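First comes the structure, then the notes that go with it.
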Amino acid sequence: MDKRYTARLATRLTISTDTRLRQFALLHRRRISHVLDDVLDAALPTEGDLAAQPARVGRLSDDTAHDPR
């Protein structure tokens, strides 16, 4: 998999989360950016799932528009 880091993401973390992230990266001898990439990759839907969501949402809204309830 080709990883390209083209954008800097800025976020605010709680002190507890920041501490745990740094400890995890240190224990695994990995850069924080790589740890975050792996965590976010595991937590987020796949590209295919994301591409399918607008169609799924459209079908749901069509179904509720025709629902007589």
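Everything numeric here is computed off the predicted structure, so don't read it as measured data. Keep in mind that the numbers below use all heavy atoms, side chains included, and drop hydrogens, waters and symmetry copies.
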Exceeds 12 heavy-atom contacts within 6.0 angstrom, atom CG of Leu50
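Atom CG in Leu50 is crowded, with more than 12 foreign heavy atoms closer than 6.0 Å.
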List, by chain and number, the other hydrophobic cluster members for Val35, where Ile, Leu, Val, Met, Phe, Trp and Tyr join if side-chain heavy atoms come within less than 4.5 Å, directly or indirectly.
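Besides Val35, the cluster holds Leu13, Leu21, Phe24, Ile32, Leu36, Val39.
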Rounded to the nearest 0.5 Å, what separation is found between the NE2 atom of His28 and the CG atom of Asp38?
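Result: 11.0 Å between the selected atoms.
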Mind checking the CG-CZ spacing from Asp37 to Arg30? Nearest 0.5 Å is all I need.
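If I round to the nearest 0.5 Å, the distance is 8.5 Å.
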Non-hydrogen atoms of Pro45 and Gln53 that approach each other most closely:
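Answer, listing the atom of Pro45 first, then Gln53: CG-NE2, 4.3 Å.
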Apply side-chain hydrogen bond (donor to acceptor under 3.5 Å, both in side chains) to Ser16 and Thr19, showing your working.
CA-CA 5 Å; Ser16 172; Thr19 302; over 6 Å; no
Using salt bridge (charged side-chain N to carboxylate O under 4.0 Å, His left out) as the criterion, list what pairs up with Arg22, not counting sequence neighbours.
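Expected list: Asp18.
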